[in-house]
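Proteins get letters first, then strands, A, B, ... in listed order; numbering begins at 1 in each. Everything quoted here is computed from the prediction, not taken from an experiment.
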There are 2 protein chains.
Amino acid sequence: MKPFPDSSQDTRQRLLEAAILVFAEKGFDGAGIREIALKAKANSALVQYYFGSKEGLYTAALKFLFEQGPDAVGGLTPPPAPDEPEARSKALASLRNYVRAFLEDLFACRDPEQFSREMHSAVHLFWTREMMEPAPERVDMIRAHIQPHVDYLNACIRALRPDLDEEGQFLMGCSIHAQIMFFHRDMAMIALLRSEAYGARDMDRLATHITDFSIRGLGLGSTLQGV
Amino acid sequence: MKPFPDSSQDTRQRLLEAAILVFAEKGFDGAGIREIALKAKANSALVQYYFGSKEGLYTAALKFLFEQGPDAVGGLTPPPAPDEPEARSKALASLRNYVRAFLEDLFACRDPEQFSREMHSAVHLFWTREMMEPAPERVDMIRAHIQPHVDYLNACIRALRPDLDEEGQFLMGCSIHAQIMFFHRDMAMIALLRSEAYGARDMDRLATHITDFSIRGLGLGSTLQGV
DNA sequence: GAACCTTAATCAATCGTTTGATTGAGGCAA
DNA sequence: TTGCCTCAATCAAACGATTGATTAAGGTTC
């Protein structure tokens with residue numbers, strides 16, 4: 001028998017997962033190694049043993065999420081090329097699916113496969129922090145993580161508005177992504193104004209609103225009222 | 001001669017302004033009162049003397065910004081009531097001005113009156129942190145600060161789409177605010193994707209894009225292409 | 001002299017990190 | 001099998017640095 005059953009990899013993993021939860025909740029400065037180790041039921045010195053430093057643990061956690069974390073884009077059918085037949089209607093469907101999948105991912109609506117629901121929602125808190133203030137030594141990792149999202153949305157926009165130049169399409173993508181992320185990051189603020197936060201139950205309403213607003217914003221769809 | 005000319009109020013003020021800059025840059029946990037005091041050329045014990053605690057300094061800084069800080073909405077002509085003659089065209093102009101003013105405020109484009117440009121841009125970093133994770137003891141202050149913005153935008157939307165119910169109008173406001181704030185908070189991310197960040201020079205382009213996208217998103221404006 | 005302001009020195013607590021010791025599994029020779 | 005060694009894994013304890021907070025003393029102004 002081993003002294004500590006199935007130690008090694010298991011303990012390292014427990015530290016990693018505890019780190020994700022605590023870092024997500026309190027940020028890098030706010031989180032303490034002792035607190036992480038306590039949650040992982042491990043000794044705090046093991047952080048140095050396995051990851052070299054607190055910074056190393058943070059980077060390892062981010063890398064783990066990058067490789068193992070939930071991927072909203074992965075399960076979607078790829079958007080059509082601009083010259084494909086019926087590109088526009090296909091792209092509209094892709095856009096609608098994308099908004100829906102991204103939102104479900106952010107709100108941790110989907111069935112937990114390898115991640116608990118608690119982990120799942122912590123992942124995005126983690127990413128949000130890192131995306132707002134990217135550390136120079138982690139920009140490549142971050143870019144690689146968001147690139148599929150950007151590419152997917154860009155392909156939709158290219159099929160829907162091939163007449164726009166690259167910058168125009170980029171701005172359209174910003175407007176759409178802005179809305180999706182707003183409902184995740186500013187939910188505390190929304191709850192302050194509505195006295196009730198949106199949750200998993202309101203996913204349909206939110207996804208429909210964002211998609212419809214964006215389709216009209218792209219210059220497509222029906223105009224309800226003239227100027 | 002005084003040992004330090006015009007100390008008292010002046011020293012308190014220097015501490016307050018230094019606190020805003022440092023808190024904005026590093027957050028509450030990341031900032032240290034020694035660093036703040038050093039930047040203010042004051043003794044760190046004065047934080048306890050004037051503000052009681054680090055927490056008190058933070059709250060005082062937030063309160064100072066709330067009372068003295070830049071106000072994008074203040075200088076704008078109020079949006080029209082829905083039954084006012086030519087309400088729609090007036091509301092469109094109000095919306096356009098609002099987006100422009102808000103963006104200029106976020107990017108610290110406007111002439112510094114009492115705030116340096118450094119201060120001005122720090123203000124919004126400060127607010128962004130607080131709005132994403134509002135502390136229970138400060139929610140009233142925060143609500144009071146953002147209420148004018150919400151009210152102004154809501155009034156515009158009410159005049160443009162009086163047919164929508166309250167929730168529908170609220171969601172519209174979210175979509176518009178989301179875009180404005182995206183270009184402020186996620187600029188680091190945008191710079192990562194474009195290898196160049198938007199700055200004060202691109203204000204026209206950004207304001208025009210957001211406004212046009214939003215007007216179409218609201219169901220108004222011209223549809224460039226049918227489905 | 002009373003009220004206010006400023007200072008250096010110091011407090012206990014906590015931080016990330018380092019250390020030295022202990023555990024038991026696995027390898028190897030006798 | 002027995003005895004000895006190596007090694008990764010884990011631990012409690014302590015490190016120096018830094019944190020926010022407190023104190024006592026002295027200075028300035030009225």
Side-chain angles (χ1 to χ4, degrees), chain A residues 1-64 126 129-130 135 137-138, chain B residues 1-64 126 129-130 135 137-138:
Chain A
M1 275 291 283
K2 289 183 180 180
F4 303 95
D6 219 338
S7 19
S8 164
Q9 286 293 62
D10 189 54
T11 302
R12 203 190 114 102
Q13 191 65 19
R14 285 204 319 275
L15 273 173
L16 213 50
E17 296 184 8
I20 292 173
L21 294 178
V22 180
F23 277 139
E25 185 189 349
K26 308 196 172 185
F28 183 79
D29 290 329
I33 280 194
R34 286 176 169 82
E35 181 185 2
I36 294 174
L38 188 71
K39 184 164 213 148
K41 298 190 204 304
N43 191 290
S44 65
L46 294 177
V47 168
Q48 273 70 30
Y49 179 76
Y50 282 117
F51 307 99
S53 65
K54 182 186 184 184
E55 181 86 23
L57 174 59
Y58 187 87
T59 301
L62 206 61
K63 189 172 181 177
F64 175 74
F126 207 89
R129 285 186 200 275
E130 192 64 26
E137 65 266 30
R138 284 188 286 269
Chain B
M1 274 289 284
K2 290 181 180 180
F4 302 95
D6 217 337
S7 8
S8 166
Q9 285 293 62
D10 189 54
T11 303
R12 203 189 113 101
Q13 191 65 19
R14 286 204 318 276
L15 273 174
L16 213 49
E17 298 183 8
I20 293 173
L21 294 178
V22 179
F23 278 139
E25 185 188 348
K26 308 195 172 186
F28 183 79
D29 289 328
I33 58 172
R34 283 180 169 82
E35 181 185 2
I36 294 174
L38 187 71
K39 184 163 210 145
K41 297 188 204 305
N43 191 288
S44 66
L46 295 177
V47 169
Q48 274 70 33
Y49 179 76
Y50 283 118
F51 307 100
S53 65
K54 182 188 183 184
E55 182 86 22
L57 173 59
Y58 187 86
T59 301
L62 207 61
K63 188 172 183 177
F64 175 73
F126 207 89
R129 284 186 198 276
E130 193 64 26
E137 65 265 31
R138 283 188 286 269

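The listed nucleotides are D:dA12, C:dC4, C:dT17; the one nearest the side chain of B:Tyr49 is C:dC4. Side-chain proximity of B:Ala45 to the nucleotides D:dT22, D:dA21, C:dC15 is greatest for D:dT22. Nearest nucleotide to the side chain of A:Asn43, out of D:dT19, D:dC11, C:dC15: D:dC11.
Residue contacts shown for B:Ala37 are absent, as no nucleic acid heavy atom lies under 4.0 Å away.
In this structure, NZ of B:Lys26 is placed 11 Å from P of D:dG20, rounded to the nearest angstrom. Put simply, CG on A:Asp29 is 15 Å from P on D:dT18, counting in whole angstrom units. The interatomic distance linking A:Leu15 (CG) with D:dT10 (C1') rounds to 11 Å, in whole Å. In this structure, B:Leu46 places its CG atom 6 Å from P of C:dT6, rounding to the nearest Å. At whole-Å resolution of the value, CZ in A:Phe51 and C1' in D:dA8 are 15 Å apart. Atom pair B:Arg34:CZ and C:dT10:C1' shows a separation of 10 Å (rounding to whole Å applied). Summarising the geometry, the separation between CD on B:Gln13 and P on C:dT6 is reported as 13 Å, rounded to the nearest angstrom. Rounded to whole Å, atom C1' of C:dT14 lies 15 Å from atom CG of A:Leu38.
Residues from residues 52-59 of chain A lying near DNA chain C, meaning a heavy-atom separation below 4.0 Å, are A:Ser53, A:Lys54 in numerical order.
Taking 4.0 angstrom as the limit, A:Tyr50 places none of its side-chain polar atoms (N or O) nearer than this to OP1 or OP2 of D:dA8. Put simply, B:Gln48 has no side-chain N or O that comes within less than 4.0 Å of OP1 or OP2 on D:dT22. An OP1 or OP2 oxygen of D:dT10 is reached within less than 4.0 angstrom by a side-chain nitrogen or oxygen of A:Thr11.
The structure places OH of B:Tyr58 at 5.5 Å from CZ of B:Arg138, a figure rounded to the nearest 0.5 Å. Between the OG1 atom of B:Thr11 and the CG atom of B:Leu16 there is a distance of 12.0 Å, given to the nearest 0.5 Å. Distance OH/B:Tyr49 to CG/B:Leu15: 12.5 Å, rounded to 0.5 Å.
Residues passing the side chain to side chain donor-acceptor pair (under 3.5 Å) test with A:Ser44, sequence neighbours excluded: none.
When ring centroids are compared, B:Phe64 and B:Phe126 stay outside the 6.0 Å threshold.
For residues 15-26 of chain A, every residue pair satisfying the side-chain hydrogen bond (donor to acceptor under 3.5 Å, both in side chains) rule, not counting sequence neighbours, is listed here: A:Gln13-A:Glu17, A:Lys26-A:Glu35.
Not one N or O on the side chain of A:Lys41 forms a donor-acceptor pair closer than 3.5 Å with the backbone of A:Arg14.
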